[in-house]
**Q** 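Let me give you the structure first, and then I'll get to my questions.
Proteins get letters first, then strands, A, B, ... in listed order; numbering begins at 1 in each. Small disclaimer: the values here were computed from a predicted structure and weren't measured. Every heavy atom of this structure was used, including side-chain atoms; hydrogens, water molecules and symmetry mates were not.
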Number of protein chains: 2
Amino acid sequence: MIVQYDGRTFSGWQRQENAVTIQQILEEKLKVLLKQKVDCVASGRTDAGVSAYFQPVHFECGKSIEREKFLRSINGLLPDEIKVLSVIESEIHARFSAKKKTYVYKMYVSHIDLPLYSSALRVEPDLDFKLMKKFCRLLIGKHDFLGFRASGGVNETTVRTIYSAKLVRDGVNLTFYITGDGFLYKMVRNIVGTMLEIGKHKLNFDEIKATLFKTFKAKHTAKPENLFLLSVDYN
Amino acid sequence: MIVQYDGRTFSGWQRQENAVTIQQILEEKLKVLLKQKVDCVASGRTDAGVSAYFQPVHFECGKSIEREKFLRSINGLLPDEIKVLSVIESEIHARFSAKKKTYVYKMYVSHIDLPLYSSALRVEPDLDFKLMKKFCRLLIGKHDFLGFRASGGVNETTVRTIYSAKLVRDGVNLTFYITGDGFLYKMVRNIVGTMLEIGKHKLNFDEIKATLFKTFKAKHTAKPENLFLLSVDYN
C-alpha cells in the first residue's frame, strides 16, 4: 500500500503502548476489513509528529484483494488523517527493498508568524542562505552520520549515502529536500537544526566543515511537525 | 495595514452581532493598543470561511505610529489566525482606491481524500479540464455578472471587468486564479461552482456560453474554506 498521513497528532509510525500510532490504527482497521490479524511494515519508521505523502507499507495475508473495493473499504474505516492511496499485490518488502528515500522539511521566511503557513516552520529573513546551501553540498556523498544520530538510535552502521540535499526558496516558502539511501534516528531533523544554526551564524561553518563526519555532534533538532516523507524509491 | 488571516473558523470579515469576525477582532485589539476606537475598512468583505493572504485594511487615527513597535504589539494581541504583516501611513482608501483583486481557489485532483491537502477541495480526476479552461476564457472581459451574484448582494451595478482567469494544474494541485476590478457577493464561489459542473458535464457548455451574461443563473456555489484573497492592486 501507499499510505498518506498527517502525523502531527500521532505518536509516530511504530506501534507502542499507551500511544496512538499510524501502524496501530492501520493494523486495527485492516483486521476489521480482512478478518485476520496482519503486521504492517513501513519503508521506515517516522517519528512522532512527522507526516508522509507517500509511505509504502506492506502486509502479508492469505487473501486476494480486489483493489477498488479494498481502497473504498479501508478508507471508509480510516480517520481523515490517514488514507491508503493505492494497493498492489507484490513481493516487494517495504523496508528491505527500499533504495532511496526523500524527505522534505517545510519552512517560510518571515519576521511575523503567518496564519496561512502554519504547517511550515517560520525562520527569520536574515539567515545566511548562501552558507546554508554550502552546508547542503557538504552532506552529499557517502559519510558516517553518527554525529547526526539522536541517542536512542540502534542502527548497526551509521554510514549513509546522500544523493541530493537542496534548499529551495520560492516567495516566502523555504523548502529543504534531502534524498538518501536511508536515514538514522532523527537524522533529517538534526541536519535541519544544524543548518539553521549555521544560517544564524551561531555555529561556525568552517569548524563544522572540518569536524563534520568526525567529531561533530549535532545539538539542534528541528521540530517534527514540519517534516514530511515525500517518496521512497524501489528498484 | 496588510492583514493575513485564516478565515476558516470566522464568520467573515464584516462585524456583525453574535458572530466572531475578522473586523471585530482587529478593531478590538486596535482599541486596546491605540487607546481609541477605530473603524477598520478592508479592500472588500470576505465571506464566512474565506481566508486572505494579503488583505489591505485602513483605519484613521490621530496618532503617529512607530511601525516596528506597532507590528510587534498588535501581533502580540491578535490570535494565531490573524496577523498584521505590514503597516504604513497613507491616504489610500483600502476599498475605494482598490483597482484589481486576485482570488485563488485551491483544489486537488484525487479519487481519495488526501490527509495532507485538507485546505483544498477534492475534485475527481475525470473532470473535463479542457472545457473548464474554455469557460475560464469566456469570463475574461467586461460583462454583467448578475447571474453569478448570490441573492443578498446589494451592489448597484453588476458589471465587472475580469482581467485574467486561469486554471493551473501542478501534480495533484489544481488552482483557479481570477483577477478583476471587483467581485459581487459570492461571485468567485459561483464561478468555481459553475466551472466544476461544466467539468462534470452536468451543465452544457454551449448552452452556458450562449446564455452566460444574459439569462444564466448560477446554481452551484463552491464552499468558502478553499477560497483565498491573494492580492489587491492600487494605483
**Q** If I compare all heavy atoms of I112(A) with all of L71(B), which pair ends up nearest, and what's the gap?
**A**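 Reported closest heavy-atom pair: CD1-CD1, 4.3 Å.
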**Q** Let me know if L116(A) has heavy atoms under 4.5 Å from chain B in its side chain, its backbone, both or neither.
**A**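 Contact with chain B is through both the backbone and side chain of L116(A).
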**Q** Just to verify, what does V32(A) make a side-chain contact (heavy atoms from CB on, under 4.5 Å) with, not counting sequence neighbours?
**A**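 side-chain contact (heavy atoms from CB on, under 4.5 Å) check on V32(A) returns L77(A).
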**Q** Every donor-acceptor pair from chain B to chain A under 3.5 Å, please, each on its own line.
**A**
residue	atom	partner	partner atom	Å
Q4(B)	OE1	L116(A)	N	2.9
L116(B)	N	Q4(A)	OE1	2.9

